[in-house]
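Below is one structure; the comments refer to it alone.
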2 protein chains.
Amino acid sequence: MSDTASLRPAARRPGRPSDALAGCLVHDLRGKLRQAGLRPTRQRVALGWLLFGKGHRHVTAERLYEEAGSARVPVSLATVYNTLHQFTEAGLLREIAVDGAKTYFDTNLSAHHHFLEDGGDTLVDIPAGQIELGRLPEPPPGMVIERVDVVVRLRRA
Amino acid sequence: MSDTASLRPAARRPGRPSDALAGCLVHDLRGKLRQAGLRPTRQRVALGWLLFGKGHRHVTAERLYEEAGSARVPVSLATVYNTLHQFTEAGLLREIAVDGAKTYFDTNLSAHHHFLEDGGDTLVDIPAGQIELGRLPEPPPGMVIERVDVVVRLRRA
DNA sequence: TTACGTGCAAATAATTTGCAGTCCC
DNA sequence: GGGACTGCAAATTATTTGCACGTAA
């Protein structure tokens, strides 16, 4: 049984390009993983599907674990953590630490920033270009700027 | 204002200004705590002393706990956590979450941002004005911007 | 086949909490 | 004296690790 079939068993019908894309996406995903030096195992493909299957998202390990469970793709929490970090190292994800304990992983790799809603629970993208850094400070000697993260904290009006 | 005076007192005498200053600083600190609705207990005054006694700083709970031990002011780690949070709620400190597990507390309340050195260990202030946010994005409806945090991640060149 | 992955449970790490005893006002 | 504060140790929460077994190439 192929992963494709198990994950997206929809019938092929004209007028719905998503079916064709679905197969394509999984195929791409496997290629992506392989290129990153990661063996495309069932779990990695499944988690990759959940992560990259429907637009950009922010997830915590816990959340992805629950989703995997709901999607009838049982993986252990440890594997979710491992996979998320492997994806991050492979440049497929970005790790963002906004507050306190939880670590979020962002599938959006392009330069952009975040809104943090008051409880610290929800993270929302700020479209690139909507925020503008005038000039950056000079880094201390011997250091280079790797990345700039902006978090806009929100409060209910 | 008075903060400036209490934080950066000029030396009044060659020799041992520390006694007079100590009284003054401690006195201010007690007043500060009282104004914030916090009873100026021995531990709070001692921790306040370590925090506010010598210029702005970034500390983790763990670090402050060690310092307190070194300064012959034994407090429990739990009390350090409690105190830091109480100070934060009282507006005496600012909590900054830059990465992963550790939470830093910043005694500098003015608008400013941070450099984060690569390991995520050291946090350095970026003087206000050295960084410039062009324009801020519009917050989602029903929300207002409370604060903007910028973290500039550094890597060894 | 065989090294790489995975699951599980136990180990860490940072932080919080419950409660008996202590100290400030 | 009385209620706020503290210390300790146990509880939580988020995450990591060690190791036997499973599986993709």
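Each chain gets a letter, A, B and so on, in the order the sequences are listed, and its residues count up from 1.
Separating the CD atom of B/Glu89 from the C1' atom of C/dT16 is a distance of 14 Å, rounded to the nearest angstrom. Computed from coordinates, the A/Phe87 CZ to C/dT6 P distance equals 9 Å when rounded to whole Å. What separates OH of B/Tyr104 from C1' of C/dT15 is a distance of 15 Å, to the nearest Å. Look at CD on A/Glu95: it is 15 Å from P on D/dA14, rounded to the nearest Å. B/Leu38 places its CG atom 13 Å from the P atom of D/dA4, with the value rounded to the nearest Å. To the nearest angstrom, P of C/dC4 lies 13 Å from CD of A/Gln86. Separating the CZ atom of A/Arg63 from the C1' atom of D/dA14 is a distance of 17 Å, rounded to the nearest angstrom. The interatomic distance linking B/Lys102 (NZ) with C/dT15 (P) rounds to 9 Å, in whole Å.
Comparing C/dG7, D/dT6, D/dT16 against the side chain of A/Val75 picks out C/dG7 as the nearest. Closest contact between the side chain of B/Arg42 and the listed nucleotides C/dA9, C/dT6, C/dC23 involves C/dC23. Among the nucleotides C/dT6, D/dT6, D/dA25, the one closest to the side chain of A/Arg34 is D/dA25. Closest approach to the B/Ala61 side chain among C/dT17, D/dA25, C/dT15 is made by C/dT15 (side chain taken as heavy atoms from C-beta onward).
A/Leu64 places none of its side-chain heavy atoms less than 4.5 Å from the side chain of A/Val75.
Taking the six-membered ring for Trp, A/His56 and A/His58 have ring centres at least 6.0 Å apart.
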key: Test log, rule side-chain contact (heavy atoms from CB on, under 4.5 Å), inputs A/Met143 and B/Arg155   = CA-CA 6 Å; A/Met143 293 287 198; B/Arg155 185 167 29 90; 6.0 Å; no

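Remark: B/His85 is in phosphate contact with C/dT16, judged by side-chain N or O atoms under 4.0 Å from OP1 or OP2. One finds no side-chain N or O of A/Arg39 lying less than 4.0 angstrom from the OP1 or OP2 phosphate oxygen of D/dA25. Not one side-chain nitrogen or oxygen of A/Arg44 sits closer than 4.0 Å to the OP1 or OP2 atom of C/dC4. For the OP1/OP2 pair of D/dT6 and a distance below 4.0 Å, the side-chain nitrogens and oxygens of B/Thr79 include no atom meeting the criterion. Residue B/Thr41 places at least one side-chain N or O under 4.0 Å from the OP1 or OP2 atom of D/dT6. Contact check, A/Gln43 against D/dT23: no side-chain N or O comes under 4.0 Å of OP1 or OP2. Look at A/Tyr81 and you'll find a side-chain N or O under 4.0 angstrom from OP1 or OP2 of D/dT15.
Ring geometry for B/Phe105 against B/His85 counts as perpendicular: the plane angle is over 60°, on a 0 to 90° scale with 30° as the lower cut.
Both A/Asn82 and A/Glu62 lie near DNA chain D, and the one whose nearest nucleotide falls closer to the 5' end is A/Glu62.
Side-chain atoms of A/Arg44 come within 3.5 Å of backbone N or O of A/Arg39 as a donor-acceptor pair.
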